[in-house]
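Position 1 is the first residue of the sequence, and the numbers go up from there.
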Amino acid sequence: MNMVKVYIKGQEDKNLSSFLRYYPARIKNIGFDAVFDRQIIYNFKDGHNHAEVAKCVAKILVKKYGRKIG
């Protein structure tokens with residue numbers, strides 16, 4: 001049980017960001033914008049829109065950390 005606490009503590013120190021809301025397919029009562037976000041994620045997982053997602057990630061990274069990242 002002590003190892004779980006150490007693992008959780010390590011997770012708390014990480015800086016996490018997200019730019020799309022994700023609801024699993026089993027959740028049906030979501031808005032149109034959430035359906036759109038879900039489809040972007042599914043398409044990415046299927047290998048269809050990597051460039052679009054990469055642009056979104058780059059935009060967020062520059063906004064958060066500035067142009068001198070990398």
Inset, instruction - Using the side-chain contact (heavy atoms from CB on, under 4.5 Å) rule, take Y42 and Q39 through it: C-alpha gap first, then chi angles, then the decisive distance, then the call. - result: CA-CA 5 Å; Y42 287 169; Q39 194 58 51; 4.1 Å; yes

Legend entry - Non-hydrogen atoms of I41 and L20 that approach each other most closely: CG1-CD1, 3.9 Å

Inset, instruction - Would you name the heavy atoms of N49 and I40 that are closest together and state the gap between them? - result: ND2-O, 3.5 Å

Inset, instruction - Determine, using the 4.5 Å side-chain heavy-atom cutoff (strictly less than), whether V35 and I27 are members of one ILVMFWY cluster. - result: yes

Inset, instruction - Evaluate side-chain contact (heavy atoms from CB on, under 4.5 Å) for D33 paired with R21, printing each intermediate quantity in order. - result: CA-CA 9 Å; D33 55 338; R21 292 159 303 201; 3.0 Å; yes

Inset, instruction - Check the pair N43 / E52 against side-chain contact (heavy atoms from CB on, under 4.5 Å), numbers first and verdict last. - result: CA-CA 10 Å; N43 288 345; E52 179 184 341; over 6 Å; no

Inset, instruction - Taking the six-membered ring of Y22 (Phe, Tyr or Trp), confirm whether the NZ or CZ of K45 is under 6.0 Å from its centre and within 45° of its axis. - result: yes

Legend entry - Rounded distance [0.5 Å steps], OH in Y23 versus CG in N29: 10.5 Å

